Q: 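First, the structure itself, so that you have it in front of you.
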Amino acid sequence: MALLIKNGRIITADADYTADLLVEGETISQIGEGLTAPEGARVIDASGKYVFPGFIDPHVHVYLPFMGTFAKDTHTTASQAALIGGTTTYIEMLAPAQSEPLREGWEKWTGLSEGKSACDYTFHLGVTRWDDKTETTLRELVGQGMKSFKVFLAYKGAFGIDDDVLYRVLTLARELGVVVTAHCENAELVAQLQRKLLAEGKTGPEWHEPSRPEGVEAEGTAHFAAFVEMTGAEGYVVHLSNERALEAALEAKRRGVNLHIESVIPHFLLDKTYAERPGVEGAKYVMSPPLREKHNQHALWTALEQGLIDTVGTDHCPFDVSQKAMGEGDFTRIPNGIPAIEDRVNLLYTYGVSRGSLSLSRFVESASTKAAKLFGLFPRKGTISVGSDADLVIYDPGYRGHISAATSHMNNDYSGFEGWEIDGRPDVVTVRGEVAVEGGQFVGDPGRGQLLRR
Ligand code: URP
Ligand code: ZN
Ligand code: ZN
Ligand code: ZN
């Protein structure tokens, strides 16, 4: 069925205008003034609303075995929550255990997601070990359109790699023209500091941040940048959380290192005092890199406004309260992560655009367009243009509400943003031309999502 969206204020990374949009089939077929609806088309009046390109979350964990347990979402719950929040494409971290060859991980992750996601998705291929098949598998999967890798400099013994593997991954990525995304914390430093703090009887969640202080991330960032520089590869720092790490990344960029920066919504809004709440209340806010001292938020917002931070993701990683409680008496056993896939767009809009000084164009660019460009999805995704996929968000800036676990669609029993006000929300969301969300409810096809080959 065709869809005519009338009188919306269309916002892309480089334009802001009022027009009608005609969607036929899965794509946008016309943009203009006074378009007429073809026979049988549904007409939506978007007067007073924004029409944004579907938002892209470049950093999501759905299936994730981690710290002896599993993240709680399925592709069904995560994708519907994503859509309700305006995210129409997510990039999941495919992160095999170190005991698992990449090929097995690929089969597991694609098997779990196939036919289960309501929106489109793709993967960053996590390289967590290097065996005699890794290179062949990576070449094959890149040939099949999986054009980004993921490495962890943290979590040794789980996902983390050493410098020898880092060099191999970057060298291969350079040859294949693939971006390497990296979690940049120095694993040895973290391990030493964890041991020291536990030996001193410092076991609560408030010690998570001191076990991986800003300098640990700054070192990891500079370290990764040095390897990107030496190999001539293209790098992408994930979830950069603080001013010192930002300075390290920007210093590398000034030298000409081909490096991009992602920060995630928790670090813009939550500070380390949340993780200092006693017991499991603090554990809810344990993620890595940790929530930081508040002054860092100002640095992140400023860098985002200036375009120095490229993308805003979530690092969506839901563990419930009982899982968070596994770390009672030992903060190193608290499963790391905060759920946010449903809330990223509304939070960035509210605290960036509505109540802050982030422009609408930077909002769209950082939460959609730039990820599409960096990860090979543009202009199919990430913009509003004739021929692009009709992944559209009709956004109501007049909506007023609150975030709460009680009304969330993520498979979780707490929200890190409980009670936070939001100044807008998606009214209608489409996935390749089909309405998937109306008035805050999922009304779409639960299996419509496709694995995007890039
Ligand atoms: O705490 C986090 N971020 N959990 C998910 C794994 C990761 O490091 O991205
Ligand atoms: Zn990470
Ligand atoms: Zn180093
Ligand atoms: Zn992550």
Side-chain angles (χ1 to χ4, degrees), residues 57-73 78 82 90-98 105 109 121-128 148-161 166 180-187 190-191 194 205 208-209 211-212 216-217 220-221 223-224 235-242 245 249 261-268 270 272 274-275 282-292 311-320 323-324 326-327 331-341 344 371 375 410 412 414 416:
D57 192 334
H59 187 159
V60 166
H61 302 273
V62 181
Y63 175 66
L64 185 69
F66 190 34
M67 302 180 83
T69 187
F70 296 86
K72 293 293 288 186
D73 265 317
Y90 58 90
I91 311 182
E92 184 181 358
M93 299 294 175
L94 191 159
Q98 251 151 14
W109 260 262
Y121 62 96
T122 187
F123 296 105
H124 297 303
L125 296 175
V127 184
T128 53
S148 48
F149 298 162
K150 169 71 184 287
V151 292
F152 295 89
L153 308 192
Y155 309 130
K156 277 218 173 119
F159 307 120
I161 54 161
L166 178 61
V180 179
T181 72
H183 176 134
C184 299
E185 288 180 302
N186 183 305
V190 173
Q194 286 179 333
H208 175 71
E209 200 278 339
S211 77
R212 18 194 5 127
V216 161
E217 190 186 346
T221 305
H223 191 100
F224 178 61
Y236 175 101
V237 177
V238 304
H239 53 37
L240 182 137
S241 75
N242 74 81
I261 304 172
E262 169 199 273
S263 292
V264 296
I265 201 72
H267 291 129
F268 284 95
L270 303 170
K272 71 179 208 172
Y274 286 87
K284 290 176 179 176
Y285 293 94
V286 165
M287 68 176 292
S288 296
L291 299 179
R292 301 298 190 186
T311 59
V312 178
T314 52
D315 200 6
H316 175 71
C317 193
F319 294 103
D320 67 15
Q323 291 171 306
K324 288 289 188 180
M326 288 163 39
F331 68 86
T332 67
R333 294 176 179 278
I334 302 169
N336 289 196
I338 298 179
I341 198 169
R344 173 185 65 127
F375 298 117
M410 299 177 284
N412 209 280
Y414 83 95

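Atoms within a ligand are numbered from 1 in the order they appear, just like the ligands themselves. Every value quoted in this text rests on a predicted model; they were computed, and no experiment measured them.
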Q: State whether a side-chain donor-acceptor pair under 3.5 Å links Y121 with E92.
A: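 No pair is found: no donor N or O on one side chain lies under 3.5 Å from an acceptor on the other.
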Q: Using a strict cut-off of 2.8 Å, how many protein N/O/S atoms surround the Zn ion (ligand 4)?
A: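 Considering protein N, O and S only, the Zn ion (ligand 4) has 3 within range.
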Q: With ring centroids as reference points, do H239 and H59 lie under 6.0 angstrom apart?
A: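 Distance test on ring centres: under 6.0 Å, yes.
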Q: With a cut-off of 4.0 Å, which atoms of ligand 1 are near a heavy atom of M287?
A: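 With M287 as reference, the close atoms of ligand 1 come out as 1 (O).
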Q: Have a look at ligand 1 and work out which part of H239, if any, has a heavy atom under 4.0 Å from it: side chain, backbone, both or neither.
A: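 The answer is the side chain.
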Q: With backbone taken as N, CA, C and O and side chain as the heavy atoms from C-beta onward, which portion of N336 lies under 4.0 Å from ligand 1: side chain, backbone, both, or neither?
A: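 Contact part for N336 vs ligand 1: both backbone and side chain.
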Q: Is the side chain of T181 donor-acceptor paired with the backbone N or O of V238 at a distance under 3.5 Å, no angle test?
A: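 Not a single qualifying donor-acceptor pair exists.
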Q: For the pair T128 (side chain) and P96 (backbone), establish whether a donor and an acceptor sit closer than 3.5 Å, ignoring hydrogens and angles.
A: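 Yes, because the side chain of T128 sits within donor-acceptor range (under 3.5 Å) of the backbone of P96.
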Q: Whether K150 engages the ring of F152 as a cation-pi pair (distance to the six-membered ring centre under 6.0 angstrom, angle to the ring normal within 45°) should be assessed.
A: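 Ring-cation test returns yes.
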Q: Backbone or side chain, does any N or O of H61 fall under 3.5 Å from an N or O of ligand 1?
A: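 For ligand 1, there is an N or O atom that lies under 3.5 Å from one belonging to H61.
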Q: Quick one: which ligand 1 atoms are inside 4.0 Å of a heavy atom on S288?
A: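 So the atoms of ligand 1 that pass are 1 (O), 2 (C), 3 (N), 8 (O).
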Q: I would like to know whether H316 and M410 meet side chain to side chain contact (heavy atoms under 4.5 Å, CB included); could you show each step before the answer?
A: CA-CA 10 Å; H316 175 71; M410 299 177 284; 3.5 Å; yes
Q: Kindly identify the option in Y155, F152, F66, F159 whose heavy atom sits closest to atom 8 (O) of ligand 1.
A: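 It is Y155 whose heavy atom sits nearest to atom 8 (O) of ligand 1.
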Q: Under a 4.0 Å threshold between the charged nitrogen and the carboxylate oxygen, would R292 count as salt-bridged to E217?
A: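 Salt bridge: yes.
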Q: Which residue owns the protein heavy atom closest to atom 3 (N) of ligand 1, what's the atom, and how far is it?
A: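 Closest protein heavy atom to atom 3 (N) of ligand 1: D315 OD2, 2.5 Å.
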Q: Flag the pair H183 / F159 as yes when their ring centroid distance falls below 6.0 Å, and as no otherwise.
A: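 Centroid distance H183-F159: not below 6.0 Å, so no.
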Q: Check whether the ring centres of F70 and F319 lie less than 6.0 Å apart, and answer yes or no.
A: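 No, ring centres 6.0 Å or more apart.
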